[in-house]
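These notes concern the structure reproduced below.
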Amino acid sequence: MSCKVYQELEERGLVYQSTNAESLQKLLQEAPQAFYIGFDPTADSLHVGSLIPIIVMMHLQKAGHRPIAILGGGTAMVGDPSGKTELRQMLTPEKIVENGKGIAGQLARFLDFRDDRCRLINNADWLSSLKYVDFLREIGRHFSVNRMITAESYKQRLETGLSFIEFNYMILQAYDFHVLCKEQQCRIQMGGQDQWGNIVAGIDLIRRTQSVETYGVTFPLLTTSSGEKFGKTAAGAVWLSSERTSVLDFYQFWRNCEDSEIRRLLSFFTFLPMPEITRLSALQDQAVNRVKEILAYEVTTLVHGQEAATTAYKTAISRFGSADPELKVETSSAIRNISLAQAEVELPTLELSSDQLNTGMTLVDLFILTGLSKSKSQTRRLIEQGGAYLNEQRINADRQLSQADFKKEKIIIRAGKKRFYQILLK
RNA sequence: GGAGAGGUUCCCGAGUGGUCAAAGGGAACAGACUGUAAAUCUGUCGGCAGAGCCUUCGGAGGUUCAAAUCCUCCCCUCUCCA
């Protein structure tokens, strides 16, 4: 087994904090270890924020360790206050189960579940049957409230309000770790930076109840330049499910990342070797765009597969042009093998029947129909501001759509520089 | 349980009877400049229509020619006290 996996994670910047790093490294070098990361089923799909924990799991699994993904079916009933400014809407138990199914399906795409190499466990298995008083006596007595309220995750909420149910989240997560340590010999828990308090609480609990040393590692929290949580765009979060975020939008999300983020994003979200990442992120000018293509292609491949990634790549090139048509930038990414000769592109498409056309469809209607804009007022503003295009011609005023607009049986409309739609006539 | 403060358009946050579709900031969107980046500048930023209407200021009623602004009841949040 590779004994350098911890160093690899550190080198990639994936380790934000760690308890007793030295002895943890030793542990990871000695023998395959079980480790766990929790995913709360608060939505039916994971988004790019959850990609970091997934990738860390992949790194460790490749190195021979055994990931345990905990589906927070029980903890989602309570709701994690960490990193949130207010009480989240309580989820119904049915919704939690449904979300859990979606997330479990997605995890299976990234991790190797064969031969018990990875486990997926739902913490509802033990949490939902807990007896309140027994639990308080066995577990609750090990927690100091004085200590808990000093946790960073609670500080902010102590100013704006924290309900008792959320206050218990830390205890439940600590209990998860306690159970996993006992029953699965799991001695390592990982999670986002905001999970530190919860993780440490688990370590303390286990030390008291089982006299076993356990370890915690957190990953850095990604934020955008304006301090927003990474992965949130105007349209909402960037999801891993292609039904929620199209493959092309997903690709474009990475393609449009900030220059200053390239190195970090490549290290975090791709498996390209670090020397190559260092070389790529040092490139300047036009080559920067090639590096962004590599990044977008690699991450899209990871999440949606090579075929879908290739199509997204080609589609983007057909719209915006290639950043490196002569393939001057060297890379080990499979993107180098894609020939740009044949352009099989997949634009977002809407089919229009001739009935719809004949009953009087205006350009404004069309923009709304495709979702490129939300209301007539918004569309009119778009036109006024010169951001609306029909077949690459700027639209000056709203008018009826006619048969004559369909060049080669299709029209392309565009809102702003990057959002476009293809309309086919049925 | 008592006292006080408060719930405003995506977020923060002004606004205390008409001049309020509601200041300011952020986010977002469009344009210019660029590299499908960032920064900057300009414009937009409830809806429908084009200068008139409709729906918004926690919820439900009420007063008034007129209410985000006043009254009543209810819901929720926070602070202090018990």
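Keep in mind that what you see is a predicted model, and the values were worked out from it rather than measured. Quick note on labels: first sequence line is chain A, next is B, and so on, each numbered from 1.
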Short side-chain donor-acceptor distance under 3.5 Å, A/T209 and A/H142: no

Candidate nucleotides B/G35, B/C29, B/U36, ranked by approach to the side chain of A/N256 - the nearest: B/U36

Gap between atoms NZ and C1', on A/K417 and B/A37 respectively (whole Å): 11 Å

Where at least one partner belongs to residues 409-425 of chain A, residue pairs that pass side chain to side chain donor-acceptor pair (under 3.5 Å), sequence neighbours excluded: A/T349-A/Q422, A/E392-A/R414, A/K410-A/Q422

Residues forming a salt bridge (Lys or Arg N to Asp or Glu O under 4.0 Å) with A/D398, sequence neighbours excluded: none

Closest contact, heavy atoms only, A/S375 versus A/I368: C-CD1, 3.6 Å

Pairing partner of B/A51 (Watson-Crick or G-U wobble, both distances under 3.5 Å): none

Integer-rounded Å distance: B/A38 C1' and A/R255 CZ: 13 Å

Sugar-phosphate, base or nothing in reach of A/A415, heavy atoms under 4.0 Å: sugar-phosphate

Spacing between A/Q286 atom CD and B/U36 atom P, to the nearest angstrom: 7 Å

Interatomic distance, A/I294 CD1 vs B/A37 P [rounded to whole Å]: 19 Å

Nearest-Å distance for atom pair CD1/P, residues A/I165 and B/U77: 13 Å

Pairwise P distance for B/A23 and B/A5, with rounding to whole Å: 27 Å

Sugar-phosphate, base or nothing in reach of A/R414, heavy atoms under 4.0 Å: nothing

Spacing of A/E293 atom CD relative to B/G35 atom C1', expressed in whole Å: 11 Å

Aromatic contact, A/W196 with A/Y16 (centres under 6.0 Å): no

Identity of whatever pairs with B/G24 - Watson-Crick or G-U, under 3.5 angstrom: B/C12

Pairwise C1' distance for B/C54 and B/C20, with rounding to whole Å: 16 Å

Residues which pass salt bridge (Lys or Arg N to Asp or Glu O under 4.0 Å) with A/R12, listed by chain and number, not counting sequence neighbours: A/E8

Set of salt bridge (Lys or Arg N to Asp or Glu O under 4.0 Å) partners for A/R279, sequence neighbours left out: none

Comparing A/I317 and A/G387 on RNA chain B - which has the more 5′ nearest nucleotide: A/G387

B/U69 and B/U79, which share atom name C1', separated by this distance in whole Å: 25 Å

Rounded C1' spacing from B/A27 to B/C80 in Å: 36 Å

Footprint string (nucleotides 41-51 of chain B, 5' to 3'): B base within contact, S backbone only, - free, heavy atoms under 4.0 Å: --BSS-SBSB-

Nucleotide nearest A/D259 (side chain, heavy atoms from C-beta), chosen from B/A32, B/C29, B/A37: B/A37

Sugar-phosphate, base or nothing in reach of A/R290, heavy atoms under 4.0 Å: nothing

G-U wobble or Watson-Crick pairing nucleotide for B/A30 (cut-off 3.5 Å, both distances): B/U42

Opposite nucleotide pairing with B/U77, Watson-Crick or G-U, both atom distances under 3.5 Å: B/A5

Shortest side-chain distance from A/E258, nucleotide among B/A38, B/C29, B/C33: B/A38

Pairs flagged by ring-ring contact (aromatic ring centres under 6.0 Å, His included) wherever residues 274-316 of chain A is involved - sequence neighbours left out: A/F250-A/H304

Rounded C1' spacing from B/A21 to B/U56 in Å: 8 Å

Base orientation of B/A60, syn vs anti, 90° cut from 0: anti

Span that lies between the C1' atom of B/A32 and that of B/A39, in whole angstrom: 14 Å

Atom C1', compared across B/A68 and B/C57: separation rounded to whole Å: 5 Å

Nearest-Å distance once atom P is located in both B/A14 and B/G58: 14 Å

Whole-Å distance separating the CG atom of A/L295 from the P atom of B/U36: 17 Å

For atom CZ of A/F253 and atom C1' of B/A37, their distance in whole Å: 13 Å

Pair partner, B/A67 [Watson-Crick or wobble, under 3.5 Å]: none

Residue A/K418, side-chain atoms from C-beta onward, closest of B/G35, B/A30, B/U36: B/U36

A/Q173 side chain to A/Q195 side chain, donor-acceptor N/O pair below 3.5 angstrom: yes

